[in-house]
Amino acid sequence: MISQQKFSFDNNEEFNMLLMKSEMLIHSIVGPSRTNTYPFAYSIAVTAIRLYVQKIQLCDFAIYKDVYFQTAKQLKQKHASVARNIERAAKLILRILITHGITEKYLGRIPNKSVTPRVLIIYLAAYIYFDRPYHQLFKDSSDELTAQYFPI
């Protein structure tokens, strides 16, 4: 497994591609907005790298340590303000997904309970990495992606 220290987010082609995909995803959901969604997009890309490239187990994945801290460091902002910004953007995106009835398109199913910013980031990280909604990855347990990234 690759440790967080060995992976460089600066000038990493795969990370930059995931960041671009997450920005495009957010823009397709939110449209033009006054809300700063860049930290949220960055956190999605960091999550995709941590979970699917570095293969950090979901039970070991800590949103503050693994994502918010890395995002704040790279954006040269305070950790607390980045965390608030990400959580504000997550609430906006979730509200839009629910009110426009497009949760199944991006998450794979309609959430049956409140979705936290951490969970939404994980769902969208799977969407940008696999080009499929998170819950759709589990529909066929014999699927190669499910076996490799989501062992049962």
Side-chain angles (χ1 to χ4, degrees), residues 4 9 14-75 77-152:
Q4 184 178 10
F9 289 92
E14 185 173 24
F15 176 75
N16 290 334
M17 187 262 314
L18 290 170
L19 179 58
M20 183 181 70
K21 285 178 75 174
S22 65
E23 288 179 288
M24 290 182 345
L25 172 67
I26 291 168
H27 185 69
S28 72
I29 294 170
V30 176
S33 174
R34 296 180 78 191
T35 302
N36 180 10
T37 57
Y38 186 74
F40 188 73
Y42 199 94
S43 70
I44 293 170
V46 170
T47 300
I49 292 292
R50 297 289 287 148
L51 293 177
Y52 309 121
V53 174
Q54 296 178 328
K55 298 187 184 341
I56 303 295
Q57 295 292 317
L58 199 53
C59 61
D60 297 330
F61 178 74
I63 195 75
Y64 283 96
K65 182 184 86 167
D66 291 320
V67 177
Y68 291 4
F69 179 75
Q70 181 65 40
T71 302
K73 180 180 164 187
Q74 290 301 116
L75 299 179
Q77 296 177 1
K78 291 183 180 179
H79 179 268
S81 65
V82 167
R84 281 191 307 274
N85 191 303
I86 291 170
E87 290 171 5
R88 216 175 2 257
K91 288 178 185 178
L92 170 69
I93 290 166
L94 188 60
R95 186 173 64 243
I96 291 170
L97 289 174
I98 292 169
T99 57
H100 289 109
I102 54 176
T103 53
E104 286 186 79
K105 177 180 177 181
Y106 294 104
L107 309 182
R109 71 176 185 199
I110 298 170
N112 55 0
K113 60 180 181 174
S114 178
V115 175
T116 64
R118 175 188 187 270
V119 171
L120 184 61
I121 289 169
I122 292 168
Y123 287 171
L124 296 178
Y127 188 87
I128 66 161
Y129 192 81
F130 297 108
D131 294 321
R132 290 168 48 187
Y134 182 86
H135 290 290
Q136 188 180 23
L137 296 169
F138 295 104
K139 286 190 178 176
D140 182 8
S141 62
S142 65
D143 183 82
E144 187 178 315
L145 290 175
T146 304
Q148 182 178 3
Y149 292 99
F150 306 100
I152 297 174

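Please read these numbers as outputs of a predicted model, since none were measured by experiment.
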Enquirer: If I take atom CD1 from residue Ile29 and atom CG from residue Leu97, how far apart are they, to the nearest 0.5 angstrom?
Expert: 4.5 Å
Enquirer: Which atom names give the shortest non-hydrogen contact between Thr71 and Ile86, and what distance separates them?
Expert: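 Looking at all heavy atoms of both residues, the closest pair is CG2-CD1, 4.3 Å.
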Enquirer: Taking atom CD1 of Ile96 and atom OG1 of Thr99, what is their separation to the nearest 0.5 Å?
Expert: 6.5 Å
Enquirer: Can you say whether the rings of Tyr123 and His135 are parallel (under 30°), tilted (30 to 60°) or perpendicular (over 60°)?
Expert: perpendicular
Enquirer: Decide yes or no on side chain to side chain contact (heavy atoms under 4.5 Å, CB included) for Leu120 and Phe40, but give the supporting numbers first.
Expert: CA-CA 10 Å; Leu120 184 61; Phe40 188 73; 4.0 Å; yes
Enquirer: To the closest 0.5 Å, what do you measure between CG (Asn85) and NZ (Lys78)?
Expert: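 Going from CG on Asn85 over to NZ on Lys78, the span is 14.5 Å.
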Enquirer: When you look at Ile98 and Thr103, which way does the side chain to side chain contact (heavy atoms under 4.5 Å, CB included) test go after all the steps?
Expert: CA-CA 6 Å; Ile98 292 169; Thr103 53; 3.8 Å; yes
Enquirer: OG1 of Thr116 to NZ of Lys91: how many Å apart, nearest 0.5 Å?
Expert: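 So the gap between those two atoms works out to 11.0 Å.
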Enquirer: Would you find more than 12 non-hydrogen atoms of other residues, nucleotides or ligands less than 6.0 Å from Leu75 atom CG?
Expert: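 Above 12, so yes.
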Enquirer: Between Ile121 and Thr47, what is the shortest heavy-atom contact and its length?
Expert: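 Residues Ile121 and Thr47, closest heavy atoms: CG2-OG1, 3.1 Å.
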Enquirer: Aromatic ring centroids of Tyr42 and Tyr68 under 6.0 Å?
Expert: no
Enquirer: Tell me the closest heavy-atom pair linking Tyr52 and Ile122, and the distance in Å.
Expert: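 Shortest heavy-atom contact: OH-O, 4.1 Å.
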Enquirer: Please test Met20 against Met24 for side chain to side chain contact (heavy atoms under 4.5 Å, CB included), starting from the C-alpha separation and ending with a verdict.
Expert: CA-CA 6 Å; Met20 183 181 70; Met24 290 182 345; 4.3 Å; yes
Enquirer: By ring pair (Phe, Tyr, Trp, His ring centres under 6.0 Å), which residues pair with Tyr106, not counting sequence neighbours?
Expert: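 Here the qualifying residues are Tyr127.
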Enquirer: Can you give me the closest heavy-atom contact between Arg118 and Leu58, atom names plus distance?
Expert: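 Heavy atoms of Arg118 and Leu58 come nearest at NH2-O, 3.4 Å.
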Enquirer: To the nearest 0.5 angstrom, please state how far the CG atom of Leu19 sits from the CD1 atom of Ile128.
Expert: 8.0 Å
Enquirer: Between Gly108 and Pro133, which heavy-atom pair has the shortest distance, and what is it?
Expert: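 Closest approach of Gly108 to Pro133: N-CB, 3.2 Å.
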Enquirer: Just jot down the side chain to side chain donor-acceptor pair (under 3.5 Å) partners of Asp131, sequence neighbours excluded, or say none.
Expert: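 Side chain to side chain donor-acceptor pair (under 3.5 Å) check on Asp131 returns Lys21.
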Enquirer: Write down the atom of Pro117, the atom of Ala90, and the distance for their closest heavy-atom approach.
Expert: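 Where Pro117 meets Ala90 most closely, the heavy atoms are CB-CB, 3.8 Å.
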Enquirer: Check the pair Leu51 / Tyr129 against side chain to side chain contact (heavy atoms under 4.5 Å, CB included), numbers first and verdict last.
Expert: CA-CA 10 Å; Leu51 293 177; Tyr129 192 81; over 6 Å; no
Enquirer: For the residue pair Phe69 and His79, does the interplanar ring angle fall in the parallel (under 30°), tilted (30 to 60°) or perpendicular (over 60°) class?
Expert: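 Correct class here is tilted.
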Enquirer: What's the spacing between Arg50 CZ and Ser43 OG if we round to 0.5 Å?
Expert: 13.5 Å
